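My structure is below; once you've seen it, I'll send some questions.
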Amino acid sequence: MNHGELRTKVYDHFKGILEKAKARRNELGPYTGAEKELLVNTIQVYEMDNEDFWDLMKKDFATQQFQSFCSATGVPQEQPRETLWAILDEIRKATIGLNKALLEHDKTFEKYDFDATLSAPWSHPEWARPDPGLNPTEVARGPSETASGPLLSVLFEQRKNEAEQTGQWTLKLVNDYQVWTDLLIELQGDRPCPSPEFLEPMWA
């Protein structure tokens, strides 16, 4: 797979995420001031240097993002070190574009454009009201998300506690990290993180 093919797969994957997120926002209405600030802060965090960003977020999160992307696009998980970093870089850049696009979409709530077609209401099965008799975890998790492992929220909290206890981060960085992880879980769900062993060489 050459770089152009990779970017096409990344584009298609994140375009799908964007359309679902925009449809969900059409149901909920415009972002609050705090939610918009969350998006802006997320963009700032992701605009770090590629390796610095993934080192900040730690291997478990990088593994989850990489495996989720590969599962959704059919990209083989076995890749040379250089290709692994290239894929993670494209994921990082696409996430910046995703959040910027969500901010632009939010502006459409501020006016009416009668030259454009207003999107019809849209509901995704993922957001349908669950059957009261079902376990909430079973409703939220799709067939492809049955991997065992700690939830992203647990990993994020552990990482933040570690940074606070050891004084690795400034207060602003701690706050930015919390803001960003909250937004990520809102967009992608609180998913279990599989074993990160295959990314070990990247952190060696």
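If you're wondering where the values come from, they're calculated on a predicted model, not measured in any experiment. These numbers come from the heavy atoms of this one structure, side chains and all, not from hydrogens, waters or symmetry mates. In what follows, residues are counted from 1 in the order of the sequence shown.
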| task | Check for a donor-acceptor pair, side chain of D89 on one end and backbone N or O of W85 on the other, with a separation under 3.5 Å. | result | no
| task | Enter the distance from E90:CD to T95:OG1 here, rounded to the nearest 0.5 Å. | result | 10.5 Å
| Looking at side-chain heavy atoms only, is the closest gap between Y31 and L38 below 4.5 Å? | no
| note | Residues at least two apart in sequence or cross-chain that pass ring pair (Phe, Tyr, Trp, His ring centres under 6.0 Å) with Y11, listed by chain then number, are none
| field | Nearest heavy atoms of C70 and P76, plus distance in Å | value | SG-O, 4.1 Å
| field | N/O donor-acceptor pair under 3.5 Å between R92 side chain and M48 backbone | value | yes
| Is there a donor-acceptor contact under 3.5 Å from the side chain of Q65 to the main chain of A62? | no
| query | Do the side chains of V40 and F109 join up, straight or via other hydrophobic residues, at under 4.5 Å, putting them in one cluster? | reply | no
| query | Can you tell if the side chain of I91 reaches within under 4.5 Å of the side chain of I87, non-hydrogen atoms only? | reply | yes
| If you round to the nearest 0.5 Å, how far is CD of E78 from OG1 of T83? | 12.0 Å
| query | To the nearest 0.5 Å, what is the distance between CZ (F69) and CZ (F14)? | reply | 7.5 Å
| How many angstroms lie between atom NE2 of H13 and atom CD1 of I17, to the nearest 0.5 angstrom? | 3.5 Å
| query | For the residue pair K36 and D106, what are the closest heavy atoms and their distance? | reply | CD-OD2, 3.3 Å
| Would one find more than 12 heavy atoms of other residues, nucleotides or ligands at under 6.0 Å from atom CD of E162? | yes
| message | Do the side chains of K9 and D12 get close enough for a salt bridge, i.e. N-O under 4.0 angstrom? | response | no
| query | Taking all atoms of both residues into account, what is the closest heavy-atom pair of L84 and Q77, and its distance? | reply | CD2-O, 4.2 Å
| task | Quick one: pull up CD in E47 and OG1 in T42 and give me the separation to the nearest 0.5 Å. | result | 11.0 Å
| task | Measure the CD-CG distance between E37 and L39 for me, rounded to the nearest 0.5 Å. | result | 10.5 Å
| field | Under the ring pair (Phe, Tyr, Trp, His ring centres under 6.0 Å) test, residues paired with Y46 that sit two or more places apart | value | F53, W180
| Under a 4.5 Å cut-off applied to non-hydrogen side-chain atoms, are N41 and Q44 in contact? | yes
| With side chains defined as the heavy atoms from C-beta onward, is the minimum distance between H3 and L6 less than 4.5 Å? | yes
| said: Looking at T32, is its backbone amide N or carbonyl O close enough to the side chain of E35 to form a donor-acceptor pair, meaning the two atoms are under 3.5 Å apart? | reply: yes
| Given side chains that start at C-beta, do those of L103 and I43 come closer than 4.5 Å, heavy atoms only? | yes
| query | Does the distance from a Lys or Arg side-chain N to an Asp or Glu carboxylate O, for E110 and K107, drop under 4.0 Å? | reply | no
| said: Please check: side-chain N/O of T108 versus main-chain N/O of H105, any donor-acceptor pairing under 3.5 Å? | reply: yes
